[in-house]
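Letters go in sequence order (proteins before strands), and every chain restarts at 1. Not measured: the values here are computed from a predicted model.
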There are 4 protein chains.
Amino acid sequence: MKAFGCTVPGKEAGWMEKAVPAIGPYDALVKPIVIAPCSSDVHNAFEIGSPAFLNNRVLGHEALAEVVEVGAEVKDFKPGDKIVVPAVTPDWRQPSIQDTYHQHIKNPNDSFRYAFSLDGVFAEFFLVPDADMNAAHLPDGMPYEKAVMACDMMTTGFHGAELAEIGFGESVAVIGIGPVGLMAVAGAVLRGAGRVMVVGTRQNCINIAREYGATDVISYKEGDIAKQIKAMTDRKGVDKVIIAGGNADTFAAAVTMVRPGGIVANINFYTGVPSLPIPLLAWGSGLSHKTLRGGLCPGGRRRMEKMLAMIQNGRVDPSRLITHTFRGLAEVEPAFQMMVKKPGDLIKPIVYIQ
Amino acid sequence: MKAFGCTVPGKEAGWMEKAVPAIGPYDALVKPIVIAPCSSDVHNAFEIGSPAFLNNRVLGHEALAEVVEVGAEVKDFKPGDKIVVPAVTPDWRQPSIQDTYHQHIKNPNDSFRYAFSLDGVFAEFFLVPDADMNAAHLPDGMPYEKAVMACDMMTTGFHGAELAEIGFGESVAVIGIGPVGLMAVAGAVLRGAGRVMVVGTRQNCINIAREYGATDVISYKEGDIAKQIKAMTDRKGVDKVIIAGGNADTFAAAVTMVRPGGIVANINFYTGVPSLPIPLLAWGSGLSHKTLRGGLCPGGRRRMEKMLAMIQNGRVDPSRLITHTFRGLAEVEPAFQMMVKKPGDLIKPIVYIQ
Amino acid sequence: MKAFGCTVPGKEAGWMEKAVPAIGPYDALVKPIVIAPCSSDVHNAFEIGSPAFLNNRVLGHEALAEVVEVGAEVKDFKPGDKIVVPAVTPDWRQPSIQDTYHQHIKNPNDSFRYAFSLDGVFAEFFLVPDADMNAAHLPDGMPYEKAVMACDMMTTGFHGAELAEIGFGESVAVIGIGPVGLMAVAGAVLRGAGRVMVVGTRQNCINIAREYGATDVISYKEGDIAKQIKAMTDRKGVDKVIIAGGNADTFAAAVTMVRPGGIVANINFYTGVPSLPIPLLAWGSGLSHKTLRGGLCPGGRRRMEKMLAMIQNGRVDPSRLITHTFRGLAEVEPAFQMMVKKPGDLIKPIVYIQ
Amino acid sequence: MKAFGCTVPGKEAGWMEKAVPAIGPYDALVKPIVIAPCSSDVHNAFEIGSPAFLNNRVLGHEALAEVVEVGAEVKDFKPGDKIVVPAVTPDWRQPSIQDTYHQHIKNPNDSFRYAFSLDGVFAEFFLVPDADMNAAHLPDGMPYEKAVMACDMMTTGFHGAELAEIGFGESVAVIGIGPVGLMAVAGAVLRGAGRVMVVGTRQNCINIAREYGATDVISYKEGDIAKQIKAMTDRKGVDKVIIAGGNADTFAAAVTMVRPGGIVANINFYTGVPSLPIPLLAWGSGLSHKTLRGGLCPGGRRRMEKMLAMIQNGRVDPSRLITHTFRGLAEVEPAFQMMVKKPGDLIKPIVYIQ
């Protein structure tokens with residue numbers, strides 16, 4: 001089958017021929033209906049070197065799909081069913097899921113299987129491991145462009161709001177307003193945030209941030225963001241920070257801008273530095289009760305069903321993120337290249353495969 | 001001064017003359033700007049017998065007010081300031097607030113002082129105990145009719161959503177859609193609820209419930225509400241229930257309609273029965289992990305500030321509850337009588353005193 | 001094979017011949033090393049009527065066992081391995097375990113499979129469903145009589161302490177000091193309880209309760225237990241209550257004796273009444289923030305491993321519960337009959353099968 | 001009065017004459033019965049430079065004391081009462097305590113007032129601010145050397161266990177086994193820890209650690225501590241880490257040794273570096289769900305009462321920390337000097353003043 005992936009790991013992404021995946025008794029073979037390229041795809045292709053797992057690896061992890069074939073033990077899905085596939089598809093038969101996050105089985109983030117330990121969704125067909133546990137039915141009548149945003153953008157951005165444990169009326173800063181940060185804005189509002197200050201500069205993103213509930217916009221270009229936030233909060237700092245972009249300095253600024261007892265919730269993937277700095281004075285010399293945490297998005301079937309329930313009941317319209325639409329499997333390539341180049345008007349592209 | 005309260009406890013509410021309250025060093029003397037009668041006022045006046053504390057007691061516990069005089073130790077308020085006064089004004093200098101809910105100091109609900117251990121707000125003047133800790137500044141430009149709903153309706157309804165620990169996409173049933181139940185609907189949506197099913201029959205309330213995000217409406221008149229909810233959720237039951245009205249049977253129905261592992265959050269004040277029944281089979285013979293809890297609304301300054309932050313940032317417009325408006329202190333009486341009679345078009349009345 | 005179970009459901013327990021269970025690819029066939037009868041076995045045999053599932057059903061759910069055969073997909077266990085089998089063995093491949101308690105899949109308590117939907121352990125052989133997820137290796141050198149108490153007694157009693165969310169120095173009442181209540185005492189101490197008051201009358205149980213850390217003993221025979229507890233806590237009530245025995249009146253007393261904001265954690269299985277009463281005044285008319293919850297013990301492999309870790313590291317010696325020891329499969333019958341008769345010196349019997 | 005404090009901030013500690021503190025209506029004037037020097041005293045005197053607040057500042061923050069005089073509004077204490085004074089004595093009349101940690105009012109750690117914004121306890125007399133809210137009665141018959149350890153050592157060490165949210169049977173590493181680390185070991189066991197691995201080298205500390213429940217001892221001298229912990233946990237890492245000593249490298253090691261989804265709880269005060277490093281790969285590039293937090297010990301009356309309840313009910317004997325005993329106010333100096341020099345046999349000294 002035709003697939004798009006890492007032809008020269010670390011250097012080149014392109015088309016390849018691969019065998020149709022063989023499924024086990026709990027798996028489903030599916031074909032994509034709509035896919036969405038993600039900056040993680042670019043990241044995997046070009047920024048993490050050339051680890052062995054990338055050799056000839058198919059990229060892509062956001063997809064709606066149609067079931068083609070199911071294993072003998074699959075109960076809830078049959079050929080022809082339309083499904084929403086989460087970016088994170090854990091192996092639920094590992095004892096570690098009984099006492100910790102399903103995102104991490106043996107090593108951090110190893111439940112993110114597509115493009116790492118499993119071929120991704122940029123292909124004529126792909127595999128959904130343990131379909132009953134990892135796939136969700138596409139609700140009748142739900143527009144594709146809304147549902148496909150649940151796979152990663154929404155579950156990730158909303159997880160930022162969850163990790164931040166936002167209470168009614170709390171002030172929240174969201175750093176970075178790419179598609180994930182925008183979903184974090186919507187998620188923060190849907191956890192009860194009062195004031196939501198965003199850090200970003202692109203006007204199209206700012207517009208969507210305001211639609212989703214941002215009340216204040218701050219720019220790096222106007223000086224130290226922690227100082228700006230402190231000045232806007234009567235020197236107290238914000239109750240919570242969600243980091244959805246940036247680098248080591250951004251992380252340090254987040255620790256500085258949050259109040260004692262607050263939480264910095266990270267959903268950004270960092271690379272290029274050996275460590276992130278916690279500024280000591282701002283962290284109360286270790287004793288400020290500022291909690292720092294970050295986490296890969298939740299996956300699995302029930303998570304998708306809950307994200308879809310929010311869309312279906314009108315709580316959020318994540319399709320507002322989509323700025324560019326492509327059609328046909330061949331268009332995966334220009335869509336991916338768009339993520340590489342990131343033109344100013346891009347927030348999120350999708351590709352209708354069928 | 002002129003005041004409206006319990007002239008014959010348990011039997012008659014009316015006007016009385018009382019001395020202007022004497023304030024202590026941390027207190028403020030204030031005069032009401034807007035007040036709102038509450039069904040609790042009716043309840044206090046006529047339904048709880050005639051306990052000693054009701055003798056000549058002024059009623060009322062929802063008010064915006066203007067500061068007239070402050071004690072020597074009050075730092076953050078001065079005469080002329082406009083403030084929002086919460087229904088619950090705890091004594092923050094009690095050690096028990098260090099390890100449990102501020103709503104209960106020595107006995108359940110004893111931080112609800114107005115009309116119980118302190119004269120209420122239906123008067124020319126009233127006292128705010130420990131003003132720095134219990135009063136919030138009215139934000140510049142905030143309409144009175146929005147702010148006054150924060151004192152009790154909003155903090156109570158939103159507390160229902162807090163007690164229910166709603167997660168993204170969960171299904172929630174709200175039983176009772178009077179003003180508190182309507183705020184519970186808004187609060188549930190602002191904690192991330194997906195589907196929100198309400199139980200109620202009055203069309204005006206149903207309309208507002210839908211505005212606030214209710215997705216389904218159920219009526220007692222069409223049969224057992226637990227059965228209806230079960231039928232609508234594929235026999236699973238809802239994730240969470242908020243009870244904002246009803247009787248002992250309603251409580252039992254709530255336990256039945258919630259799924260194992262779910263929560264029943266009560267914000268309804270029950271009277272007239274010695275106990276509430278937990279239906280044993282529905283409660284898994286004691287082992288179903290269905291949590292049952294209920295709680296008086298949080299009060300104090302920071303709670304009000306957070307509710308006001310939500311209004312100010314456009315998260316909710318609680319003034320949609322207000323159906324009737326009166327003007328002048330003398331109109332407290334007809335407004336109160338309206339709460340007694342509860343005409344079909346009533347949700348919530350307010351009285352502009354100034 | 002020979003097995004002991006419900007020969008006449010609701011009326012008679014005795015020996016029966018059954019086929020050796022057939023295992024699936026994830027299951028293990030095992031033979032018991034040590035079993036322990038439980039009052040739930042008596043309860044199942046005689047007190048819940050004669051539901052269809054009891055026809056010819058083998059009883060028993062507490063066992064150490066030796067693996068005889070494993071399915072093709074079992075990875076971590078092989079014939080000859082000695083294992084600890086939890087009373088609760090969920091089907092981990094049900095989506096509901098992704099968002100709620102594993103004890104309840106479709107209906108309350110349905111992960112308690114032995115003697116309900118699966119033949120129990122009082123037999124020459126029994127089946128462990130999904131062995132990799134539900135069985136734990138017996139740690140080298142751990143005495144059988146300690147390990148076998150982890151299956152139900154310890155995980156249940158300790159769950160009471162978990163549900164009660166005990167904080168350092170809190171006061172806790174434990175009602176009922178049979179084997180589960182005794183484990184609740186030990187669990188409460190190991191969650192940081194200060195004062196631990198127990199309600200019980202049998203001297204042997206009282207002695208063990210004191211060994212496990214009980215500081216005060218109260219008897220039903222000396223009057224209303226809620227009043228006694230209130231009197232001992234300066235009228236405040238205890239911070240937390242764990243119910244490990246009793247009836248509807250006991251439940252009501254528990255609600256009365258806990259302070260506002262406290263928790264009543266139930267691990268008792270109730271029968272014989274349609275509902276449990278929540279005394280309304282003690283519950284603050286619905287608003288006291290007294291949380292009421294109850295839950296079936298956690299099961300599965302990791303839970304067992306954690307209980308075993310506590311035994312192995314010397315945190316608790318649950319074998320102190322064992323008062324009677326039997327040897328040989330045939331002795332299951334007298335051991336079971338002892339649970340039926342409950343002589344005064346009985347706390348917990350075990351039977352060495354091998 | 002005679003007092004011991006910062007005679008030349010940053011350089012010299014010694015005796016000084018100060019006025020007896022003037023008390024306000026809610027305060028108590030007390031004289032010390034037993035005090036304990038702390039390494040924080042040394043730290044304040046010599047390691048944080050010479051900030052203005054140190055000029056002529058009396059040191060010391062761990063004391064039992066006798067009440068000499070109380071303000072007019074103090075209700076629960078009278079002259080002659082013996083009290084336990086926490087190191088952290090918040091201003092409970094600040095609105096911020098209504099929605100965040102009482103340890104931090106306006107700035108991190110500012111509720112640690114002794115020796116910062118208030119003269120300390122190394123004096124003939126000292127002040128207890130808001131006595132009803134901050135002092136606890138010394139329980140009848142409790143040995144002084146046990147009670148005085150509650151003020152700081154026990155509440156700090158136990159807070160490490162609280163911040164780590166230890167569950168039954170979890171594995172915990174405690175880094176640093178000075179007096180606070182030793183209390184963290186005891187606290188971890190009393191939250192239900194299974195295996196407790198400590199990092200330390202001094203034999204006397206190791207002995208006490210084992211008494212308090214440590215199961216394994218690791219030394220920096222035998223190589224990278226994170227590697228040792230990983231090797232001992234089958235490469236998985238520990239569930240939780242409590243840091244009670246060390247530097248920036250130790251912090252990084254803690255992040256490395258904890259499993260994904262685990263918690264690093266810091267109770268160590270860091271100085272001398274601008275920031276602490278979070279090793280990126282070990283932190284899952286930001287997404288590992290490893291929570292990092294640290295916090296100043298809880299203070300106030302109820303916290304002390306709860307620590308004392310644990311001592312009184314025999315849950316822990318914190319006097320095992322005390323290795324050196326002095327008598328008389330004049331002996332504060334050699335006791336303090338001992339903390340400066342830290343001889344090998346020192347864990348914790350106390351001084352009986354009366």
Side-chain angles (χ1 to χ4, degrees), chain B residues 43 48 96 99-112 156 159 163 167 169-170 235-236 239 243 248 251-252 255 259-264 266-298, chain C residues 43 48 96 99-112 156 159 163 167 169-170 235-236 239 243 248 251-252 255 259-297:
Chain B
H43 179 264
I48 58 168
S96 71
D99 69 345
T100 184
Y101 291 82
H102 66 246
Q103 290 93 325
H104 319 286
I105 300 297
K106 288 201 175 6
N107 294 298
N109 311 328
D110 58 3
S111 293
F112 201 124
T156 299
H159 194 45
L163 291 173
E170 288 191 337
R235 315 302 315 155
K236 290 178 186 163
D239 293 312
I243 308 179
F251 183 83
V255 178
R259 66 157 168 82
I263 297 176
V264 174
N266 180 68
I267 47 176
N268 188 40
F269 188 94
Y270 297 91
T271 50
V273 289
S275 66
L276 299 174
I278 306 175
L280 197 53
L281 274 182
W283 211 44
S285 304
L287 302 179
S288 65
H289 287 100
K290 294 184 180 181
T291 291
L292 315 179
R293 62 159 69 104
L296 182 66
C297 63
Chain C
H43 180 265
I48 58 170
S96 71
D99 69 345
T100 184
Y101 292 79
H102 66 246
Q103 291 93 324
H104 320 285
I105 299 296
K106 288 200 171 16
N107 294 298
N109 312 328
D110 57 4
S111 292
F112 201 124
T156 299
H159 194 44
L163 291 172
E170 289 191 337
R235 316 301 316 153
K236 290 177 186 163
D239 292 312
I243 308 180
F251 183 83
V255 178
R259 66 160 169 79
I263 298 175
V264 174
N266 180 68
I267 47 176
N268 188 39
F269 188 94
Y270 297 92
T271 51
V273 289
S275 66
L276 298 175
I278 305 174
L280 196 52
L281 275 183
W283 212 44
S285 304
L287 303 178
S288 64
H289 286 100
K290 294 184 181 182
T291 292
L292 315 180
R293 62 159 72 103
L296 183 66
C297 63

In Å, rounded to the nearest 0.5 Å, how long is the span from [atom1] of [X] to [atom2] of [Y]?
X      : Y      : atom1 : atom2 : value
B:I278 : C:I278 : CD1   : CD1   : 4.0 Å
B:S288 : C:Y101 : OG    : OH    : 10.0 Å
C:D239 : B:T100 : CG    : OG1   : 8.0 Å

Which answer fits [X], side chain, backbone, both or neither, if we ask what part of it has an atom under 4.5 Å from a heavy atom of chain C?
X      : result
B:F112 : neither
B:R235 : neither
B:K290 : backbone
B:P274 : backbone
B:L163 : side chain
B:T271 : backbone

Out of C:S285, C:A282, C:A252, C:S96, return the one with the most heavy atom pairs under 4.5 angstrom to chain B.
C:S285
At a heavy-atom distance under 4.5 Å, which candidate from C:S275, C:G262, C:P108 has the highest pair count against chain B?
C:S275
Does C:N268 reach the main-chain N or O of B:G286 with its side chain, forming a donor-acceptor pair under 3.5 Å?
no
For B:L287 and C:N266: C-alpha separation, side-chain torsions, deciding distance, then whether side-chain contact (heavy atoms from CB on, under 4.5 Å) applies.
CA-CA 7 Å; B:L287 302 179; C:N266 180 68; 4.2 Å; yes
Considering non-hydrogen atoms only, spot the tightest contact between C:P260 and B:N107 and give its length.
CG-C, 4.4 Å
Contacts of C:L280 that satisfy side chain to side chain contact (heavy atoms under 4.5 Å, CB included) - sequence neighbours left out:
B:Y270, B:V273, B:L276
Measure the shortest side-chain to side-chain distance between [X] and [Y] over non-hydrogen atoms and say whether it is less than 4.5 angstrom.
X      : Y      : answer
C:H159 : B:H289 : yes
C:R293 : B:R293 : yes
B:T291 : C:T291 : yes

